[in-house]
Student: 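Have a look at the structure that comes next, please.
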Amino acid sequence: MKLLLENAHIEGIRYYEAYRKNGGYRSVEKALKMTPEEIVEEVKKSGLRGRGGAGFPTGMKWSFLAKPEGVPRHLVCNADESEPGTFKDRYLMEFLPHLLIEGLIVSSFALGSNATYIYIRGEYAWIPDILEQAIAEAKNNGWLGKNIQGSGFDCEIYVQRGGGAYICGEETALIESLEGKRGNPRIKPPFPAIAGLWMRPTVVNNVETLAAVVPIINMGGEEYGKLGVGRSTGTKLMSACGNLNKPGVYEIPFDLTVEEFIFSDEYCGGIPNGKRLKACIPGGSSVPILPTNLLLKDSQGNARQMNYESLSEGGFATGSMLGSGGFIVLDEDQCVVRHTMSLAHFYNHESCGQCSPCREGTGWMYKILKSIEYGKGRMEDIDLLWDIQRRIEGNTICPLGDAAAWPVAAAIRHFRDEFEWHVLNPEESQTRNFGLAHY
Ligand code: NAD
Ligand code: SF4
């Protein structure tokens, strides 16, 4: 069942006329007849969890929003999708911009935000124009601006382009950047729900989360909550990449197994050239890499499913490995050391530099991984790497530090023999042609 991408194939759906003709903006009509509290209640009933990666219950986040007398509140849409392997929000904004705008209007009404912001990743250079056109169309048709549809509610949506920094996807860094400052994360608490944009109460939600508000209002929170498995309700967008026959963006039901997702023709269509599956990062680079045996089956030997619970079973991650839905697949020819080095370089480059463990540790990890990958590593470097990642985790202001530590920890935990092989075979280690056959 598709809730978000149902109409994605319709020609011209990016534009207002086709979108409206196919049922668009019905949820706004319905929402404006409800009270804001009733909308929050529907979202709570739906069990919707944040689709940016943390999986925090959306209705609960909304109910935390402070409402001091006379202080404006804001909704901010986090469209700074920068997690390696994650591109599902890009798809939504590019092909279904009105779905996001519709979700934003309903959510703004529920939260009392008269000025709502979309903060979009700088590298998505062509998408702000698409969003701005959709906003203009919505405004021309009375869905935005003053006194929306005669409801007495005013709402403007502003698009703000980011400068291309990964850290600005962290909600407090995003807020700092939106305020015109350097995007340094703030210490939490206070959470944005209490003191966010210009220290006003602010809800920051991911693009997919806000788009999901549309089907929730249309079908009712209870019906939405019946779809899925356990506390994973509704559907989920996944962006699949790496060694796959059919990489792309898929809307999946939560009872889909990981094996079906990778190998069935309906989804990723298996691994090219009949190669074997070596490992996968199921939810964007901030979650651990898993070897095939742990990826396809849980600790009880049951088929692992694509939902928050099944992908957190086994104690491999602090949160769920479903993360931001960035599904990265590695075939038997891929080198885990090289892959980990590449991620370490990324996190080192993107660290904002506020906390020493992250600023220094990410650089040390990258240098050590580079020397192992290029045949200059020593056996004791593997333990040194382990020690550094352990000292970063939990000791930083924002989750980037943890996100930098976890890939290194998981790679050593599950593929230590591959690190050792590099140390023992310095010359071959530089050839790049490294695979399962080596051990
Ligand atoms: P978090 O768990 O700290 O917070 C989740 C949300 O809940 C936040 O909005 C926070 O303000 C709110 N919250 C939590 N406790 C609260 C409380 N007591 N009161 C009020 N609000 C509260 O996680 P996070 O830092 O928002 O996100 C981390 C995740 O982001 C990672 O797990 C990673 O998967 C993901 N991520 C995604 C991308 C991407 O491009 N989509 C990039 C990097 C990281
Ligand atoms: Fe900056 Fe890294 Fe500290 Fe986050 S963990 S605040 S990115 S130095």
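We count ligands from 1, going down the list as the structure has it; atoms in each ligand are counted the same way. The figures here come from the full heavy-atom set of this structure, side chains too, leaving out hydrogens, waters and symmetry mates. Note that the structure is predicted; figures quoted are calculated from it, not measured.
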Student: Which ligand 2 atoms are under 4.0 Å away from a heavy-atom of Ile397?
Tutor: 6 (S)
Student: Run down the list Gly169, Gly196, Ala54 and name the one with the heavy atom closest to atom 29 (C) of ligand 1.
Tutor: Ala54
Student: Which residue and non-hydrogen atom of the protein lie closest to atom 18 (N) of ligand 1, and at what distance in Å?
Tutor: Phe191 CE1, 3.4 Å
Student: Relative to Tyr308, does Arg231 satisfy both conditions: NZ or CZ under 6.0 angstrom from the six-membered ring centre, and within 45 degrees of the ring's axis?
Tutor: no
Student: Is there an N/O/S atom in Cys352 at a distance below 2.8 Å from atom 2 (Fe) of ligand 2?
Tutor: no
Student: Below 3.5 Å, N or O to N or O, backbone or side chain included: is there any such pair between Tyr166 and ligand 1?
Tutor: no
Student: List ligand 1 atoms under 4.0 Å from Glu81, heavy atoms only on the residue side.
Tutor: 40 (O)
Student: Mind listing the closest non-hydrogen atom pair of Glu179 and Arg186 along with its distance?
Tutor: OE2-NH2, 3.1 Å
Student: Which of the atoms of ligand 2 are close to Gly401, meaning less than 4.0 Å from one of its heavy atoms?
Tutor: 5 (S)
Student: Taking 4.0 angstrom as the limit, do Glu102 and Arg26 come out as a salt bridge?
Tutor: no
Student: Among side-chain atoms of Ser113 and Ser108, is any donor-acceptor pair under 3.5 angstrom?
Tutor: no
Student: Pick one of side chain, backbone, both or neither for how Ser82 approaches ligand 1, counting any non-hydrogen atom pair under 4.0 Å.
Tutor: backbone
Student: Write out the residue and atom name of the closest protein heavy atom to atom 4 (Fe) of ligand 2, then the distance separating them to 0.1 Å.
Tutor: Cys398 SG, 2.3 Å
Student: Quick one: do Lys181 and Glu176 make a salt bridge, cutoff under 4.0 Å?
Tutor: yes
Student: Side-chain donor-acceptor pair under 3.5 Å between Asp89 and Asn206, yes or no?
Tutor: yes
Student: Which pair of non-hydrogen atoms, one from Ser351 and one from Thr362, has the smallest distance, and what is that distance?
Tutor: CB-OG1, 4.2 Å
Student: As a check for students: among Trp62, Phe64, Phe56, identify the option with a heavy atom nearest to atom 14 (C) of ligand 1.
Tutor: Phe56
Student: For ligand 1, is any non-hydrogen atom under 4.0 Å from Pro192's backbone (N, CA, C, O), its side chain (CB onward), both, or neither?
Tutor: side chain
Student: At a 4.0 Å threshold, what atoms of ligand 2 neighbour a non-hydrogen atom of Cys358?
Tutor: 2 (Fe), 5 (S), 8 (S)
Student: Considering non-hydrogen atoms only, spot the tightest contact between Gly234 and Leu3 and give its length.
Tutor: CA-CD1, 4.4 Å
Student: Who's the nearest protein heavy-atom neighbour of atom 39 (C) of ligand 1, and how far?
Tutor: Glu83 CB, 3.5 Å
Student: Tell me which protein heavy atom sits closest to atom 34 (O) of ligand 1, plus the residue, atom name and distance to 0.1 Å.
Tutor: Gly53 CA, 3.5 Å
Student: Output the list of atoms in ligand 2 that are nearer than 4.0 Å to some heavy atom of Gln354, sorted by atom number.
Tutor: 1 (Fe), 6 (S), 8 (S)
Student: Which of the atoms in ligand 2, numbered in the order shown and given with their element, are less than 4.0 Å from a heavy-atom of Thr396?
Tutor: 5 (S)
Student: Hey, looking at atom 3 (Fe) of ligand 2, which of Ser351, Ala173, Cys355 has the closest heavy atom?
Tutor: Cys355
Student: Heavy-atom contacts with Ile167 under 4.0 Å: which atoms of ligand 2 show up? List them by number with element.
Tutor: 7 (S)
Student: How far is atom 12 (C) of ligand 1 from its nearest protein heavy atom, and which residue and atom is that?
Tutor: Lys61 CE, 3.9 Å
Student: Give yes or no for whether the N/O distance cutoff of 3.5 Å, strictly under, is met between Asn206 and ligand 1.
Tutor: no
Student: Please determine if Arg14 and Glu137 form a salt bridge, counting it only when a charged side-chain N lies under 4.0 Å from a carboxylate O.
Tutor: no
Student: Salt bridge or not for Arg49 and Glu208, using N-O below 4.0 Å?
Tutor: no
Student: Below 6.0 angstrom between ring centroids: does that apply to Tyr25 and Tyr19?
Tutor: yes
Student: Is the closest side-chain donor-acceptor distance between Ser371 and Glu373 under 3.5 Å?
Tutor: no
Student: Mark up the atoms of ligand 2 that fall under 4.0 Å of a heavy atom belonging to Pro185, in ascending order.
Tutor: 6 (S)
Student: Measure from NZ or CZ of Arg416 to the centre of the six-membered ring of Phe419 and say whether it is under 6.0 Å with the direction within 45° of the ring axis.
Tutor: no
Student: Could you check atom 10 (C) of ligand 1 against the protein and tell me its nearest heavy-atom contact, residue, atom and distance included?
Tutor: Glu171 OE2, 3.0 Å
Student: With sequence neighbours left out, which residue pairs that include part of residues 238-266 fulfil the salt bridge (Lys or Arg N to Asp or Glu O under 4.0 Å) condition?
Tutor: none
Student: Where is the nearest protein heavy atom to atom 41 (N) of ligand 1: which residue, which atom, and how far?
Tutor: Gly52 O, 3.1 Å
Student: Using a 3.5 Å cut-off on N or O atoms only, is Gly283 in polar contact with ligand 1?
Tutor: no
Student: Mark the output for Pro399 as yes if a heavy-atom distance to ligand 1 is under 4.0 Å, and as no if none is.
Tutor: yes
Student: Tyr166 and Glu83: side-chain donor and acceptor closer than 3.5 Å?
Tutor: yes
Student: May I ask you to identify the nearest protein heavy atom to atom 3 (O) of ligand 1, giving residue, atom name and distance to one decimal place in Å?
Tutor: Lys188 NZ, 3.7 Å
